[in-house]
Colleague: 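Supplied in structure tokens, the structure appears directly below.
Counting from 1, the numbers follow the sequence of the chain as shown. The figures here come from the full heavy-atom set of this structure, side chains too, leaving out hydrogens, waters and symmetry mates.
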Amino acid sequence: MAIYMINGGVGKHIAFTALIDKLAEKGDVQMMTAYPDVFRHHPKVKASYSHEEPGLYDRVPRDTDIVFREPYYSPFVFAKTHLLHEWAKLLGIEYEGELPQWHSCKKWYREAKEVIKKIPKKKFILVQFGGGQSPYDVNQPRIFIPQGQRRAYPLNMAQDFINQFTEAHPDIAVVNYSMVNEEYSHLGGCCVLNTAYWLYPELLKASMGFVGIDSSLQHMAAGVGVSGVVIWGATGPEQFGYSIHGNISNTTNHHMRPLCVRFGDNKNADGSMWVDRDILSTAVPVDKLMEVTDAMLDMKLNKEEAKGIAEDDCDCDDDCGENCKCKGA
């Protein structure tokens with residue numbers, strides 16, 4: 001049996017679920033992570049542990065293989081392959097375009113139904129224009145400094161989009177996925193729910209889709225098979241994206257900040273100087289974003305894709321903790 005360890009944010013954890021079926025062919029899968037809820041109800045994950053769980057290593061059998069492979073410290077940083085392709089190679093499996101998998105339970109389903117009642121209109125979309133914060137920090141009394149500003153959509157353009165969208169679609173509410181202490185949570189014309197991140201996949205199922213950046217919301221949506229619009233800037237869909245979404249960009253020059261910069265060096269691997277691109281100059285124009293969003297909505301309305309929240313097949317009816325009765329737990 002192996003325990004797979006992951007570092008990083010919620011989106012990276014959800015992306016990893018695309019590899020679990022292949023890993024399960026090699027043996028039982030356990031996870032050790034900062035976000036155990038991402039894997040809690042996956043039918044092929046035998047256990048999901050928190051990094052901070054007291055006495056964790058006393059409970060783990062001594063013959064367990066603890067596996068940690070970090071794709072951010074691999075050739076992936078040169079932006080020539082998808083994150084999951086490189087991650088799979090490091091783990092000794094093959095990635096063949098599998099999408100992430102999000103598995104919920106009845107408890108989360110019931111909680112999501114109550115959250116949906118707070119949305120002022122029956123139809124809604126979700127938006128995420130900034131990211132980089134752990135959702136566990138949502139109630140921390142501090143000013144949030146965005147870690148993902150190079151991926152963010154400019155604040156003024158995000159507000160312009162929301163204004164245009166609500167005027168064009170007065171029957172569709174805009175639900176803002178931002179945390180309450182982020183500057184993007186103050187965008188006007190939105191509904192901010194301030195709820196647990198693990199309920200948002202259920203909200204996505206009931207939505208008309210989403211508009212977001214390269215961050216956790218797009219991975220969640222892929223995990224429940226809900227398409228949306230992803231705005232790309234410093235990163236690109238060939239690195240982190242999925243074909244299920246409408247991926248739009250105002251540049252073809254996508255690349256991650258090389259690892260050398262993470263250690264304080266301001267030069268790229270080839271010796272050239274690293275310069276942060278101005279997000280205003282590379283941002284997708286609002287009118288283009290509106291056009292692609294309208295096309296997404298037309299497609300969903302024509303196909304009647306927004307059919308409301310659907311209950312998962314998990315039989316969990318408790319607190320989804322250590323005594324969870326979920327399939328595979």
Colleague: Around atom NZ of Lys288, are there more than 12 heavy atoms of other residues, nucleotides or ligands at under 6.0 Å?
Modeller: yes
Colleague: Can you find a heavy atom in the side chain of Met31 that is under 4.5 Å from one in the side chain of Pro36?
Modeller: no
Colleague: Just jot down the side-chain hydrogen bond (donor to acceptor under 3.5 Å, both in side chains) partners of Thr195, sequence neighbours excluded, or say none.
Modeller: none
Colleague: Taking atom types as modelled and ignoring hydrogens, do the side chains of Trp232 and Asp214 form a donor-acceptor contact shorter than 3.5 angstrom?
Modeller: no
Colleague: Considering residues at least two apart in sequence or located in another chain, which fulfil the side-chain contact (heavy atoms from CB on, under 4.5 Å) criterion with Pro201?
Modeller: Trp102, Met220, Val224
Colleague: Measuring from Ile248:CD1 to Leu289:CG, what's the distance to the nearest 0.5 Å?
Modeller: 4.5 Å
Colleague: Given Tyr242, which of His82, His219, Glu98 fulfils the side-chain hydrogen bond (donor to acceptor under 3.5 Å, both in side chains) condition?
Modeller: His219
Colleague: Apply side-chain contact (heavy atoms from CB on, under 4.5 Å) to Ser178 and list each qualifying residue two or more places apart in sequence or on a separate chain.
Modeller: Asn176, Glu182, Tyr184, Ser185
Colleague: Answer with yes or no whether the side chains of Glu53 and His51 bring together a donor and an acceptor at under 3.5 Å.
Modeller: no
Colleague: Looking at every non-hydrogen atom in both residues, tell me the closest pair between Lys26 and Gly92 and how far apart they are.
Modeller: NZ-O, 4.2 Å
Colleague: Can you sort out the partners of Glu167 under side-chain hydrogen bond (donor to acceptor under 3.5 Å, both in side chains), two or more places apart, ordered by chain and number?
Modeller: none
Colleague: Using a strict threshold of under 4.0 Å (side-chain N to carboxylate O), is an ion pair present between Glu114 and Arg110?
Modeller: no
Colleague: In terms of side-chain geometry, is the basic nitrogen of Lys113 or Glu202 positioned less than 4.0 Å from the acidic oxygen of its partner?
Modeller: no
Colleague: Output all residues satisfying ring pair (Phe, Tyr, Trp, His ring centres under 6.0 Å) with His169, sequence neighbours left out; order by chain, then residue number.
Modeller: Phe165
Colleague: Do His13 and Thr33 meet the criterion of a side-chain donor-acceptor pair at a distance under 3.5 Å?
Modeller: yes
Colleague: Sort and list the pairs that fulfil ring pair (Phe, Tyr, Trp, His ring centres under 6.0 Å) and have at least one residue in residues 110-129, not counting sequence neighbours.
Modeller: Phe129-Tyr153
Colleague: Sequence neighbours excluded, which residues qualify as side-chain contact (heavy atoms from CB on, under 4.5 Å) partners of Ala168?
Modeller: Met290
Colleague: Do you know which two heavy atoms are closest between Leu204 and Val226, and how far apart they sit?
Modeller: O-CG2, 3.6 Å
Colleague: NE2 of His186 to CG of Leu155: how many Å apart, nearest 0.5 Å?
Modeller: 9.5 Å
Colleague: Does a side-chain heavy-atom distance below 4.5 Å link Ser249 with Ile231?
Modeller: no
Colleague: With rounding to the nearest 0.5 Å, note down the distance linking NE2 in His85 to CD in Glu238.
Modeller: 13.5 Å
Colleague: Salt-bridged, Lys121 to Asp171, with N to O below 4.0 Å?
Modeller: no
Colleague: Taking atom CD1 of Ile125 and atom CG of Leu203, what is their separation to the nearest 0.5 Å?
Modeller: 13.0 Å
Colleague: For Ala18 and Leu84, work out which heavy atoms get closest and say how close.
Modeller: CB-CD1, 3.8 Å
Colleague: If I take atom CZ from residue Phe39 and atom NE2 from residue His103, how far apart are they, to the nearest 0.5 angstrom?
Modeller: 11.5 Å
Colleague: Any idea which heavy atoms bring Met32 and Ile3 closest together, and the distance?
Modeller: CB-CG2, 3.6 Å
Colleague: Enter the distance from Arg40:CZ to Ser104:OG here, rounded to the nearest 0.5 Å.
Modeller: 13.0 Å
Colleague: Can you give the donor-acceptor pairs under 3.5 Å from side chains of residues 61-69 to other protein atoms, not counting sequence neighbours?
Modeller:
residue, atom, partner, partner atom, Å
Arg62, NH1, Tyr57, O, 2.8
Arg62, NH1, Val60, O, 3.1
Thr64, OG1, Pro61, O, 2.8

Colleague: Can you list the residues that meet the side-chain contact (heavy atoms from CB on, under 4.5 Å) rule with Ala88, with sequence neighbours excluded?
Modeller: Leu19, Ile93, Tyr95
Colleague: By ring pair (Phe, Tyr, Trp, His ring centres under 6.0 Å), which residues pair with Tyr49, not counting sequence neighbours?
Modeller: none
Colleague: Check the pair Glu96, Lys22 against salt bridge (Lys or Arg N to Asp or Glu O under 4.0 Å), reporting the backbone distance first and the verdict last.
Modeller: CA-CA 10 Å; Glu96 299 177 295; Lys22 291 280 183 68; 3.0 Å; yes
Colleague: State, to 0.1 Å, how close Ile20 and Lys44 come at their nearest heavy-atom pair, and which atoms those are.
Modeller: CG2-CB, 4.1 Å
Colleague: Who passes side-chain hydrogen bond (donor to acceptor under 3.5 Å, both in side chains) against Glu52, sequence neighbours left out?
Modeller: none
Colleague: Using the test salt bridge (charged side-chain N to carboxylate O under 4.0 Å, His left out), find all partners of Glu291 that sit at least two apart in sequence or belong to another chain.
Modeller: none
Colleague: Considering the options Tyr197, Tyr35, Tyr177, Tyr200, which one meets the side-chain hydrogen bond (donor to acceptor under 3.5 Å, both in side chains) requirement together with Ser216?
Modeller: Tyr177
